[in-house]
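Below is one structure, written out as C-alpha cells, with a few remarks after it.
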Amino acid sequence: MPIPSSDWQAELASSLSAISGVDGQAARRSLMAPSAPLCDWCSNLAFSQAKERKTSPAKLAAEWAKGKKWPIFVQKVEAAGPYLNFHFSPAFWSAILSSAAGEKDWGLLPPLAIKALIEFPSVNPNKPWHVGHLRNALLGDSLARLLSSAGRTCERMDYIDDLGLQVAQSVWGEGQKAAKADASSSPFSKKLDHALGWKYVWVSKQLEKPEVETEVRALLKQMEEGHEPVASNARHLVEQCVKAQYETAFSFGIYHDVLIFESDIVRTIFGEGLKKIIDSGAAVKETSGKNAGCLVVKLQDQPGFAGMENADKILIRSDGTATYTGKDVAFTLWKFGLLQDSFLYSPLLVQPNQQTAYESSNSKSKTNSYPMPFARAQMVVNVIGAEQAYPQKVISAVMRKMGYSKEADACIHLSYEHVVLPEGRFSGRKGTWMGGENSVGFTADELLDEMRKLAVEKIKPEYSEEQKLSISQAVAVSAIRFWFLRPNAGQKITFDYEKALSFSGDSGPYIQYAYARASRILEKGREAGLLPAPPGSDYVFNEQEIGLARLLMRWPHALESAASKCQVHPIADFTLEAAGKFNEFYTTTPVLAEEVSASDKSARLMEVAAARALIGRGMDILGLPKLERM
RNA sequence: GGGCCCGUGACUCAGCCUGGAUAGAGUGCCUGCCUUCUAAGCAGGAAGUCGGGAGUUCAAAUCUCCCCGGGCCCGCCA
C-alpha cells in the first residue's frame with residue numbers, strides 16, 4: 001500500500017507545477033481545501049494563468065486535468081469549470097487512517113529548536129481569581145499545550161507582584177484587629193484567597209482615611225526595602241495566597257513551571273538589566289524639561305511612535321525608583337537569557353500533575369535554593385489584557401532600540417479582551433467580583449461549582465455517586481474551558497453562564513461525548529477480541545468515513561497554523577468539527593453490529609481509533625478532560 | 001491629536017493574515033429519528049443589506065481609503 005508522504009501537499013504541488021509549467025510556489029499557493037465537499041483537494045491555478053496565456057480558465061483546467069504524472073495517491077483529477085478537483089485513492093485514506101489509529105505520536109509535530117516562555121496570568125496575590133483572570137490563565141495554559149504539540153519547548157511562568165500596592169493594603173489589613181469580612185454568603189470563605197478578597201472590601205473602605213493611606217505607604221516602602229519582619233511576613237502571606245489561587249488553577253487543569261516574584265527581580269537581575277540598558281545607549285538621563293532627573297528612552301525614531309506627542313518613556317523616576325516599564329525591560333532581557341545574573345529557586349509545591357512548581361528566591365537563609373535552567377527563551381509570550389497593548393509595545397521598542405531586534409520581534413503580546421458583565425466591566429478593586437447576593441459564579445471557584453451542579457443533573461442515573469462526582473467535575477471543566485477558548489481572544493466575552501455555558505451543541509461536553517463514544521466502541525471491540533486493522537483493498541469508504549479522513553489529513557497544517565499565530569481558538573473549531581464528523585460517522589456506520597463482517601469491523605475500529613486520536617489531540621490542547629464513558 | 005480591538009441570520013460566534021465554487025456552526029424556533037455500538041446525539045426546515053460608501057481585481061466578508069457605531073490605550077499612577 002503506498003504510504004502518502006506526510007507532505008502530500010508538496011508532492012501534489014510539484015506535480016501541478018510540472019504539468020502546468022507554473023513555478024512551484026504559485027502551484028503550492030493555488031492548492032486549497034474545497035469549500036464544498038465536491039472533492040478532496042483543489043486548485044484555482046487556472047484563474048491566474050488564463051490572462052497571460054490568453055485563454056479561458058476552464059480550458060486551461062481541462063487541459064491540465066488530462067496530465068499524466070499526478071502523484072500516486074491521486075485517483076482522479078477533473079476540471080470543474082476553472083477549478084482543478086483532486087480525488088484521492090482509497091489507499092490514501094487507508095494509510096491516513098491507519099497512521100492516526102496506530103502511531104503513538106500521531107498528530108504531534110516534530111521537535112523544533114525553539115523554547116517559548118509563556119507568562120500568565122500574573123494575578124495580584126491578595127484575592128481569588130475571577131472569570132477574567134480565568135480567561136487569561138486558560139489562554140496561557142492552552143497556548144503552552146498548543147505550542148508543545150507543535151514541537152516547541154514551553155515554559156509556563158507566573159509573575160507574582162508581591163510589591164504591589166494591593167498586597168501592601170492586604171498586609172495592612174491582616175494587622176488590623178478590627179478587620180471585618182462578611183463572607184457568610186460565600187461557600188469558599190475559608191479559602192485564603194477568598195478570605196483576603198472579602199477582607200479587601202473592608203480594607204478599601206478604610207483607605208479613604210488619610211492616616212491609613214500613610215500607614216500602607218510606609219508598609220509598602222518597608223516591603224520594597226526588605227525590612228524585617230515586614231518583608232518576610234508579606235512574602236509568607238503572598239505565598240499562601242498564591243497556593244490558594246493555584247488550587248483554583250489545578251481544578252481547571254492549569255499548571256506552572258516557575259513563579260518569579262517581583263521582589264526577587266528588584267533584588268537580583270534588575271541592577272544588571274538597568275546597566276545593560278544604559279550601556280547600550282538606548283536610555284539617557286534627562287537634565288532639563290519636565291522629565292528632568294529621569295532615565296528615559298526616546299522612542300520617536302521607532303516604528304509606531306513617530307507621530308506621538310510624547311514618545312519619551314521613563315524607566316527610572318527622578319527619585320531613583322523604577323517604573324513598571326523599567327522593570328519589565330530588565331525582566332524581558334532576562335527571559336531571553338541576555339543577562340549573566342539569574343535567580344535561585346526553591347520548590348513551592350508539587351502540582352496534581354506531579355510537576356513541581358518552583359519559585360524564585362533571594363533569601364540566603366533558605367537552604368534549598370539553587371540555580372535552575374529557566375528562561376533563556378527564543379520566544380516570549382505575555383498573556384495580558386488588550387488595554388495594555390501600548391506598554392507591551394514599548395518593551396519591544398526599547399529592546400529594538402538596544403539592538404535586540406530579533407528578540408523584539410520574538411516578544412509576543414497575547415492580547416485578550418475582558419470578560420464583561422451585562423452591566424459593565426469587572427473590577428477587583430471595587431469588590432464587584434463578589435459583592436452582592438446574586439453574584440454567584442463571579443469567581444472562578446464559584447463558576448466551577450455552579451457548573452458542576454448543572455452537570456450532575458445530566459448524568460445518567462446508573463452511575464455511582466463517586467462516578468457522578470468525577471464525571472460532573474470533568475464535564476464542568478470542559479464546558480468552561482471550551483466556552484472561554486472558542487472565541488477569538490480579541491472578542492469580549494459577556495459573562496452570563498445561564499445562557500452561554502451549555503452542555504450541548506458547540507461545547508466542551510459535545511466533544512467529550514464523541515470521545516467517550518469512540519472509547520466505548522473500542523472497548524467493546526476489545527472485549528469481543530477485535531482489534532483495529534486496515535481495510536482490505538476492496539473496502540468501499542462511505543461519505544462519513546471519507547469526511548473523517550479528510551479532517552485527519554488537514555490536522556498537521558491546522559496545528560502548525562494555529563501555533564505560528566499563537567491562536568488557540570482555531571483548534572477549538574477544528575476539534576468541534578472532528579467531534580461532529582465522528583458523530584456523523586457514528587450514526588451512519590455501524591462498527592460492531594452483527595451484519596458487519598469481521599474484517600469490516602476491524603477496519604471500522606481503525607477509523608474509530610483514528611477519530612479518537614484526532615479528537616484527543618484537540619482535547620489535549622484545549623485541556624478538556626477525557627472521559628472513557630459519560 | 002495619534003494608535004489598537006470589535007461590528008457577519010433573533011442571539012452567541014467561525015471565516016479576513018494568504019481574495020476564488022451555493023458565507024459556515026451552535027443557541028432559539030419548526031419537522032422527523034431511541035427493541036440496534038451512550039439521544040450530552042443525528043437528519044431536515046425557516047432565518048443573512050457580511051456596519052455604510054468608494055476603490056483595486058476576471059473575482060471582495062476577505063485587500064486599500066473614507067465614514068458610522070461600541071470598547072480600550074497614549075502618566076515620574078499602579
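Here is the naming used below: chain letters follow the sequence lines, and residue numbers restart at 1 for every chain. Everything numeric in this text was worked out from a predicted model, so none of it was measured.
Under 4.0 Å is where a charged nitrogen must lie from a carboxylate oxygen, and between A:Arg217 and A:Glu213 at least one such pair does.
Within the cation-pi definition used here (under 6.0 Å to the ring centroid, within 45° of the axis), A:Lys393 qualifies as a partner of A:Phe305.
Using the Watson-Crick or G-U wobble rule with both distances under 3.5 Å, B:rU38 pairs with nothing in any strand shown. With a cut-off of 3.5 Å on both pairing distances, B:rU56 has no Watson-Crick or G-U wobble partner at all. The nucleotide B:rC50 finds no pairing partner, because no Watson-Crick or G-U wobble arrangement with both distances shorter than 3.5 Å includes it. With a cut-off of 3.5 Å on both Watson-Crick or G-U wobble distances, the partner of B:rA21 is given as none. Using the Watson-Crick or G-U wobble rule with both distances under 3.5 Å, B:rG69 pairs with B:rC6.
In the interface, the side chain of A:Thr323 is not paired with the base of B:rC76 through any donor and acceptor atom under 3.5 Å apart. The base of B:rC17 is paired with the side chain of A:Lys565 by a donor and an acceptor separated by under 3.5 Å.
Side chain to side chain, A:Ser478 and A:Gln512 meet the donor-acceptor criterion of an N or O pair below 3.5 Å. A:Asn542 and A:Thr588 are not linked by any side-chain donor-acceptor pair at a separation below 3.5 angstrom, with hydrogens and angles left out of the test.
Along RNA chain B, the nucleotide closest to A:Leu576 and the one closest to A:Thr494 are compared, and the more 5′ of them pairs with A:Thr494. In terms of position along RNA chain B, the nucleotide closest to A:Ala389 lies nearer the 5' end than the nucleotide closest to the other residue of the pair A:Tyr324 and A:Ala389.
The aromatic ring of A:Phe47 does not sit over the base of B:rA59; the criterion of centres under 5.5 Å apart with planes under 30° is not met.
With its glycosidic angle within 90° of 0, B:rC34 is assigned syn.
When heavy atoms are screened at a 4.0 angstrom cut-off, A:Asn85 is found touching base atoms of the nucleic acid. Looking at heavy-atom distances under 4.0 Å, A:Pro590 makes contact with a base.
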